[in-house]
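Quick notes on the structure that follows.
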Amino acid sequence: MFPISIFFNNFLIYILVFFGITLLLFFIARNIFVWYLKINKVLKYQNFILEKLENLENSLSNLSKVQTNLQSANFQNYENATLDSKTDDCTVENIFKNTKNIIVHDVEMTEKNVFSYFRAKQYAVILIDKSIQDFKSYKNIMLVQEKIDLIYIKCNFEKLAEILKECLARKKLKGDVKYVWIENQVIDQKNGIDKIFETFSENKIGVILGKNLYSEYVNLAMQK
């Protein structure tokens, strides 16, 4: 009986060890399978995000093309408007050459160094509707006491028509607005902006669209 008891006990131990190992392997396999499902889910989600980003990039690219076409179609006559067709083309070089006072509309605090650079180049910089230390400012264009050569406009579309009308009113009142430089690249025809540009041409106000004042000045300086 004694050998049978030992055999039976050992058999139980083997059975327990076998089930223990089997249970351990089951949990390991289960965890691996769960991790696989999670990783697969994450990869699918990443692919979904990449697909959406690609679609967004294509949409933005198409939008940029549409905006470029709008600018070309609607404002071809204004982008190269002239101050006086007989004497002085409205080119970037001539604007900087014929300008002494630069009026900046809606300047940002971060741009202080940019316009300090222009002051160092002997341009007088006057701000409209914003106040920055060491710069002279006025509430609106009509209140500017100095002669206005160039009005540089940095604003959203909603305010643009109103500002352009103010520029025109200043020209008619004082006769001193030579150029209007609008940084926005694309301008729609809302609020009668296209009609305002036609009036600018009649009043010999040169117009530049879609260019950055500082970049154009630096590029011009590098060409000399």
Side-chain angles (χ1 to χ4, degrees), residues 71 75 78-84 87-187 191 193 196-197 199-224:
Q71 181 186 13
F75 296 99
Y78 304 124
E79 189 168 10
N80 295 317
T82 59
L83 171 69
D84 186 333
T87 58
D88 192 9
D89 290 334
C90 181
T91 63
V92 171
E93 183 175 4
N94 284 330
I95 287 177
F96 287 121
K97 180 180 178 181
N98 298 324
T99 293
K100 179 180 178 182
N101 296 330
I102 302 176
I103 310 301
V104 185
H105 211 295
D106 272 1
V107 66
E108 299 295 335
M109 288 292 296
T110 55
E111 298 174 304
K112 180 178 179 180
N113 291 338
V114 171
F115 292 103
S116 295
Y117 172 84
F118 279 103
R119 289 205 308 188
K121 297 297 181 180
Q122 307 305 312
Y123 291 99
V125 178
I126 301 170
L127 310 182
I128 299 296
D129 201 29
K130 290 289 179 69
S131 179
I132 296 180
Q133 187 177 3
D134 300 330
F135 283 87
K136 197 169 188 177
S137 63
Y138 292 93
K139 183 64 178 177
N140 58 60
I141 295 171
M142 300 299 292
L143 296 177
V144 176
Q145 299 296 315
E146 293 79 2
K147 178 183 177 182
I148 297 178
D149 298 314
L150 169 64
I151 299 177
Y152 185 51
I153 302 175
K154 297 171 59 65
C155 69
N156 54 39
F157 294 143
E158 287 76 13
K159 297 171 61 177
L160 183 57
E162 179 183 348
I163 295 172
L164 293 178
K165 290 176 182 178
E166 192 176 356
C167 295
L168 184 60
R170 170 75 186 211
K171 176 70 174 185
K172 292 181 177 179
L173 180 66
K174 299 285 187 177
D176 58 353
V177 179
K178 295 180 181 179
Y179 309 99
V180 171
W181 188 313
I182 305 170
E183 185 171 296
N184 292 333
Q185 183 175 5
V186 178
I187 301 172
N191 301 323
I193 290 178
I196 297 175
F197 280 139
T199 310
F200 273 25
S201 179
E202 294 170 2
N203 286 272
K204 297 182 180 180
I205 301 177
V207 178
I208 290 289
L209 296 177
K211 296 180 180 179
N212 179 272
L213 189 72
Y214 174 76
S215 298
E216 292 301 316
Y217 185 89
V218 171
N219 291 337
L220 186 63
M222 293 176 62
Q223 293 174 8
K224 294 183 178 180

As an exercise, state the distance from [atom1] of [X] to [atom2] of [Y], rounded to the nearest 0.5 Å.
| X | Y | atom1 | atom2 | value |
| --- | --- | --- | --- | --- |
| L220 | I95 | CG | CD1 | 10.5 Å |
| L150 | T99 | CG | OG1 | 5.0 Å |
| N140 | E162 | CG | CD | 9.5 Å |
| K172 | I205 | NZ | CD1 | 9.0 Å |
| I141 | L164 | CD1 | CG | 8.5 Å |

Of the non-hydrogen atoms in [X] and [Y], which two are nearest, and what is the gap between them?
| X | Y | answer |
| --- | --- | --- |
| Y152 | I102 | CB-CG2, 4.4 Å |
| T199 | N203 | O-ND2, 2.8 Å |
| F200 | V180 | CE2-CG2, 3.7 Å |
| I196 | A161 | CD1-O, 3.9 Å |

(message) The criterion is side chain to side chain donor-acceptor pair (under 3.5 Å); which residues satisfy it with N212, sequence neighbours excluded?
(response)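 Listed in chain order: E183, S215.
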(message) So for atom NZ, which belongs to K112, do other residues, nucleotides or ligands contribute more than 12 heavy atoms lying within a distance under 6.0 Å?
(response)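 Enclosed.
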For residues 131-138, please give each side-chain donor-acceptor pair under 3.5 Å, one per line with the distance, not counting sequence neighbours.
from	atom 1	to	atom 2	distance (Å)
K136	NZ	E146	OE2	2.6
Y138	OH	E146	OE1	3.0

(request) Tell me, please, which residues at least two apart from F96 pass ring pair (Phe, Tyr, Trp, His ring centres under 6.0 Å). (result)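 Expected list: W181, Y217.
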(request) Let me know which of K97, K178, R170, K100 forms a salt bridge (charged side-chain N to carboxylate O under 4.0 Å, His left out) with D149. (result)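 Only one option passes, and that is K178.
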(request) Might you work through the side chain to side chain contact (heavy atoms under 4.5 Å, CB included) test for L143 and I128, ending with a clear yes or no? (result) CA-CA 9 Å; L143 296 177; I128 299 296; over 6 Å; no
(message) Suppose we screen for side chain to side chain contact (heavy atoms under 4.5 Å, CB included). Which residues come up paired with D129, at least two apart in sequence or across chains?
(response)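 D129: side chain to side chain contact (heavy atoms under 4.5 Å, CB included) contacts with H105, D106, K139, K159.
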(request) Could you please spell out the steps behind the side chain to side chain contact (heavy atoms under 4.5 Å, CB included) verdict for Y123 and F115? (result) CA-CA 9 Å; Y123 291 99; F115 292 103; over 6 Å; no
(request) Could you go through the side chain to side chain contact (heavy atoms under 4.5 Å, CB included) check for V177 and I103 one step at a time? (result) CA-CA 10 Å; V177 179; I103 310 301; over 6 Å; no
(message) Evaluate L213 against I208 for side chain to side chain contact (heavy atoms under 4.5 Å, CB included), listing each step before the verdict.
(response) CA-CA 10 Å; L213 189 72; I208 290 289; over 6 Å; no
(message) Suppose we screen for salt bridge (Lys or Arg N to Asp or Glu O under 4.0 Å). Which residues come up paired with K121, at least two apart in sequence or across chains?
(response)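 Salt bridge (Lys or Arg N to Asp or Glu O under 4.0 Å) check on K121 returns nothing, list empty.
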(request) For E111, check salt bridge (Lys or Arg N to Asp or Glu O under 4.0 Å) against everything at least two apart and list the hits. (result)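 Partners of E111 under the salt bridge (Lys or Arg N to Asp or Glu O under 4.0 Å) test: K154.
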(request) Decide yes or no for K130 and E108: does some side-chain heavy atom of the first lie under 4.5 Å from some side-chain heavy atom of the second? (result)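 With C-beta onward as the side chain, the pair touches.
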